[in-house]
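Scope of the values below: all heavy atoms of this structure, side chains included, with no hydrogens, waters or symmetry mates. The chains referred to below are lettered A, B, ... by the order of the sequence lines, with proteins before strands, and numbering in each begins at 1. Quick caveat: nothing in here was measured; it's all calculated off a predicted structure.
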Amino acid sequence: MSFGEGCHLHLIDGSAFIFRAYHALPPLTRKSDGLPIGAVSGFCNMLMKVVEESAGHDAPTHVAVVFDHKGKTFRDDIYDKYKANRPPAPEDLRPQFPLTRDATRAFNLACIEVEGFEADDIIATLARQGREAGGRVSIISSDKDLMQLIGGGVEMVDPMKNKRIDSEGVEEKFGVGPNRVVDVQALAGDSVDNVPGAPGIGIKTAALLINEYGDLESLLERAEEIKQPKRRQSLIENADLIRISKRLVELDQNMDLDFTLESLEMKAPVADDLLGFLADMELRTLSTRIANKLGLEAPAIPDAPAVSSAAPETKGFDPDTYEWVKDAAGLQTWIDKIYARGWVAVDTETTGLNEMLVDLVGISLCVEAGEACYIPLAHIADGGDDLFATEAVAEDQINLEDALTMLRPMLEDPAIVKIGQNMKYDAKIFARYGARVAPIDDTMLLSYALHGGLHNHGMDTLSERYLDHKPIPIKSLLGTGKSAITFDKVPVADAVKYAAEDADITLRLWQMFKPQLHEKQVTKVYEKLERPLVPVLAEMEMHGIEVDRDALSRMSNTFAQKMAGLEAEIHEKAGRPFNVGSPKQLGEILFDDLELPGGKKGKTGAYSTGADILEDLATEHEMPALVLDWRQLSKLKSTYTDALQDHINPDTGRVHTSYSIAGASTGRLASTDPNLQNIPVRSEEGRRIREAFIAPEGKVLVSLDYSQIELRILADIAGIDALKDAFRQGHDIHAMTASEMFDVPLEGMDPMIRRQAKAINFGVIYGISGFGLARNLRIPRKEAQGFIDRYFERFPGIHTYMDQTVEFAKEHGYVQTLFGRKIHTPGIAEKGPRAGFGKRAAINAPIQGTAADVIRRAMIRMPDAIQGLPAKMLLQVHDELIFEVDQNAVDDVVGVVRHIMENAADPAVKLSVPLVVDAGQGANWAEAH
DNA sequence: AGAGTCACG
DNA sequence: GACGTACGTGACTCTG
């Protein structure tokens, strides 16, 4: 049947519909493997409607479902910022794009996309063809950009409101007829698509001007005549930009299409194809509905056990099936598989654990459970028994640079999700080889969001626990201790089995964990607090901080001398030489030789010689104080002034810590290798170590820290009005507490009283006990208990909070932060003497965890906030961020960073107390803090 | 490898 | 009524 009068063409804006379906529907996943299919399901429902309507009086005779083709369009050449504001499509939507094409074909409808053009252009061209052929055309879309096509038998149908829009409807919306819509849009611009337009002119004004001057060109030519100076100026100054805008919004109605309108004739779905597809997607309801409609029996969709339930293994692990990728052709096959899939599990093998130093040895990939490969890149051939064999490149491996050239576009492709276990590690490795891996998903972080507090989140733990599979131990390949080898020396055949298995495990964990985010209601935690932190931390770690090696070296020497002096003195007082660093020997000297009071302690039966014990003994004997001094110096030297020098990276000359994101159960980060979160500050001598952390010439270090963040959060969570008011009014919180508790005036407060109140405030955060407070304040336990009773009396909300939190933990097995992070508290089930630990941890976790969430949010927003400013975020110390800033930009940076930090809870959580940030700057960390 | 000690928030 | 306690980390040293 040729297209003409009496025919009715439906043009469905497929791409727009996918987004609508995605956002309107809850995130549905395919039960068997967790594939996200929410948008696909919505899309199928929409197509079903089209098919159902085909019998009605207004039925389409011809249908085309039109999609945007991926990649650039001709509009990007006209204006490089076109649609530049668009965020990339959500991770769980991307794999659904190809599936909606499949759905369209399964419904036996024409599925159309053309490279270099948007769906709108194809719709425009088809609409013109349909109109000129004398038929009716209905555009199924609510995109206002398509309104320019209306008229002459072309109408739009808003699929959501089920409303028809004709020429009158366009007038209503734009104030002009369809033929002038582009002129109005060119003037008004569009912030969503980043069409510039004329600043200060919206749709209303634009319509007014077009109606007055007839069309856009006349208006621009006669712009001088406009009376209002602002409008006149805007049009004159932006004439070129407006003309560009018009070219952006104007749709191409004259594309060369390689098919005819006739080919769009509507055909009934082929039952096998359609039901097969729906069965594949495991869409039972829809499948049944359609089967009934077609008078067929719905195919049985096996009720696959949900992946989240135990023993999900459809396929076992078989190391012999993993592929050794030996050449470019083999690699290309895998890249093709990845593009067909939309995601890939990736794992890198390297010569060590320090991402800043090690070399890449190989890469493993996995696209489907059991289907994994290893790409050896820098393995060294086995020299056999010949000790003098020169190291040679192993056979059957691709040149590293060639492989990376092939992989880089995939690793950076926004449409391909790269899944890893601790992706920060791999992303940093790839970054050093010139690939910015994005977007990413991380099974370690998925587990952290789901199971925080229950167990650690290393791959071995996760695999054994959730896949019931014990991975090949790395030790079996590398050996242990001194004789351990690096991964490049591992025979490739062995490496394939180990490395590919890791990628396989990672993919299987991802398929299991990802759908559980929604079930456990921690999607936001993962998406807002975990995943976006990865690139931020990677950046900080790679940047590192400058450390003055000579200053550390000088301090080490000074400490060594002082220690030698102290050691001699200690030996003399002890009466005989011994190892001062040995608590065992020290205990014997103190309690056996010198017969000082104090006893055994601990399961080992050894004497306890901790700082508090030695402090007590200092009144009895001269030696303990000397040992304390010696210990302090020993600590400073071994842990800081010596060790930090070894951590200076030879290439960058800076120190690069590594943050573990999933280490602490509360949501805090932990810094390792070296730990830069416990650099001394409390003692004068220790604090001098911070002088060695410096900024390069022309820059300074800037430190910003939250003031009393945990107490503020406690005040909010527990709803303590007195505390909240004090924070709102900027009062000294510890003095206020003291005044409230001991009935003393704020003026002329005794520092001792304030100190006690401060200790109580901290104690509350930790789940206070009489014993703990007594020990901290060195007061009788009865007295400490009296303080606590009084505190609860004055701030009754605290006690309620503690009881309710413990109750919640007992009932649910976890507690929550204000941002929804779940911290599991298995310790709460402990009976007997250990019960207190569980309770206190449960009380502390929401407070510490909420503070951790707040600074995470600030850090995640920081790169955008300081973009363009000469500032780099270097370190995080729980409530403090340290930046390296150009000297002349400090004030600007402090302003921006403080604003981000103080408002970090917004808009997810509205705190009832203000967050306050203090700032400092200086040539080194000691000055900045 | 585990205990003891001590650095930080 | 006794238990045995502040919360969260990481690094270093000694010891078996």
* C/dA2 versus B/dA7 - spacing of their C1' atoms, nearest Å -> 35 Å

* Checking all strands, does A/Phe762 fall into the base, sugar-phosphate, or nothing category for heavy-atom contacts under 4.0 angstrom? -> nothing

* **Minimum-distance nucleotide (side-chain atoms of A/Tyr766 versus B/dG9, C/dG8, B/dA7)** => B/dG9

* Structure fact -> Side-chain atoms of A/Arg781 come closest, of B/dG9, C/dG4, C/dG8, to C/dG4

* Minimum-distance nucleotide (side-chain atoms of A/Pro680 versus C/dA6, B/dA7, C/dT15) -> B/dA7

* Answer yes when A/Arg690 and A/Glu927 have at least one side-chain N-carboxylate O distance shorter than 4.0 Å, and no when they do not. => no

* Presence of A/Thr609 side-chain N/O under 4.0 Å of B/dG4 phosphate oxygens OP1/OP2 -> no

* To do: Give A/Ser671 one of three labels, base, sugar-phosphate or nothing, depending on what nucleic acid heavy atoms sit under 4.0 Å from its own.
  => sugar-phosphate

* To do: Look at the side chain of A/Ser608 and decide which nucleotide, out of B/dG9, B/dT5, C/dT9, has an atom nearest to it.
  => B/dT5

* Asked: More than 12 non-hydrogen atoms from neighbouring residues, nucleotides or ligands closer than 6.0 Å to CZ on A/Arg654, yes or no?
  -> yes

* In Watson-Crick or G-U wobble terms, both distances under 3.5 Å, what is the partner of C/dA2? -> none

* Structure fact -> When rounded to whole Å, the CG to P distance for the pair A/Leu875 and B/dC8 reads 16 Å

* Would you call A/Arg668 and A/Glu710 a salt bridge, using N to O less than 4.0 angstrom? -> yes

* side-chain N/O A/Ser638 vs B/dA7 OP1/OP2, d < 4.0 Å -> no

* To do: Output yes when A/Arg688 and A/Glu684 qualify as a salt bridge under the 4.0 Å nitrogen-oxygen rule, no when they do not.
  => no

* Using a heavy-atom cut-off of under 4.0 Å over every strand shown, decide if A/Asn776 touches base, sugar-phosphate, or nothing. => base

* Between B/dG2 and C/dA6, how far apart are the C1' atoms? Round to whole Å, please. => 24 Å

* Which part of the nucleic acid, if any, lies within reach of A/Gly610 when heavy atoms closer than 4.0 Å are counted: base, sugar-phosphate only, or nothing? -> sugar-phosphate

* May I ask you to decide whether A/Lys562 forms a salt bridge with A/Glu685, counting only side-chain N to carboxylate O separations under 4.0 Å? => yes

* **d(CG, A/Leu644; C1', C/dG10) in whole Å** => 13 Å

* Going by number, which of residues 817-850 of chain A have a non-hydrogen atom under 4.0 Å from DNA chain C? -> A/Pro833, A/Phe837, A/Arg840, A/Ala841, A/Asn844, A/Gln848

* How would you label the contact of A/Gln632 with the nucleic acid (heavy atoms, under 4.0 Å): base, sugar-phosphate, or nothing? -> sugar-phosphate

* Asked: Honestly, is A/Arg840 close enough over A/Phe837, meaning NZ or CZ under 6.0 Å from the six-membered ring centre and within 45° of the axis?
  -> yes

* **Nearest-angstrom distance from the residue atom CD1 of A/Ile760 to P of C/dC7** => 17 Å

* Side chain of A/Ser660 (C-beta onward), nearest among C/dC12, B/dG9, C/dG10 -> C/dG10

* Measure distances between side-chain N and O atoms of A/Lys584 and base N and O atoms of C/dC14, and say whether any donor-acceptor pair falls under 3.5 Å. => no

* Structure fact -> Of the listed B/dG4, B/dC8, B/dC6, the closest approach to the A/Arg682 side chain comes from B/dC8

* Under a 4.0 Å N-O cut-off, is there an ion pair linking A/Asp612 with A/Arg778? -> no

* Asked: Reckon A/Gln585 touches a base, only the sugar-phosphate, or nothing at all at heavy-atom distances under 4.0 Å?
  -> sugar-phosphate

* Would you confirm whether A/His656, through its side chain, and A/Met542, through its main-chain N or O, come within 3.5 Å as a donor-acceptor pair? => yes

* Expressed in angstrom and rounded to an integer, what is the separation of A/Gln677 atom CD from B/dC8 atom P? -> 13 Å

* Asked: Please give, in whole Å, the distance from C/dG10 P to A/Ile679 CD1?
  -> 14 Å

* Asked: Looking across every strand, which nucleic acid part, if any, lies under 4.0 Å from A/Ile765 by heavy atom: base, sugar-phosphate, or nothing?
  -> nothing

* Rounded to whole angstroms, how far apart are OH on A/Tyr607 and P on B/dG4? -> 15 Å

* Scan A/Asp705 against the nucleic acid and name what it touches under 4.0 Å (heavy atoms): base, sugar-phosphate only, or nothing. => nothing

* Is a salt bridge present between A/Lys839 and A/Glu830, judged by a nitrogen-to-oxygen distance below 4.0 Å? -> no

* Atom CG of A/Asp646 and atom C1' of C/dA11: how far apart are they, to the nearest Å? -> 13 Å

* What's the closest nucleotide to the A/Ser665 side chain, out of C/dA6, B/dG9, C/dT9? -> C/dT9

* Looking at A/Tyr814, does the NZ or CZ of A/Lys822 lie under 6.0 angstrom from its six-membered ring centre and within 45 degrees of the ring axis? -> yes

* **Inter-nucleotide C1' distance (C/dC3, B/dC6), Å rounded** => 27 Å

* Asked: If you check the A/Ser582 side chain, which of B/dC6, C/dC14, B/dC8 turns out closest?
  -> C/dC14

* To do: Quick one: label A/Thr639 by what it contacts on the DNA or RNA (base, sugar-phosphate, nothing), any heavy atom closer than 4.0 Å.
  => sugar-phosphate

* Using a cut-off of 4.0 Å on non-hydrogen atoms, how would the nucleic acid contact of A/Ala759 be classed: base, sugar-phosphate, or nothing? -> base

* A/Asn675 vs C/dT9: side-chain N/O to OP1/OP2 distance below 4.0 Å -> no

* **Side-chain-base donor-acceptor pair under 3.5 Å for A/Arg631 and C/dT13** => no

* Asked: What integer distance in Å separates A/Tyr659:OH from B/dG9:C1'?
  -> 13 Å

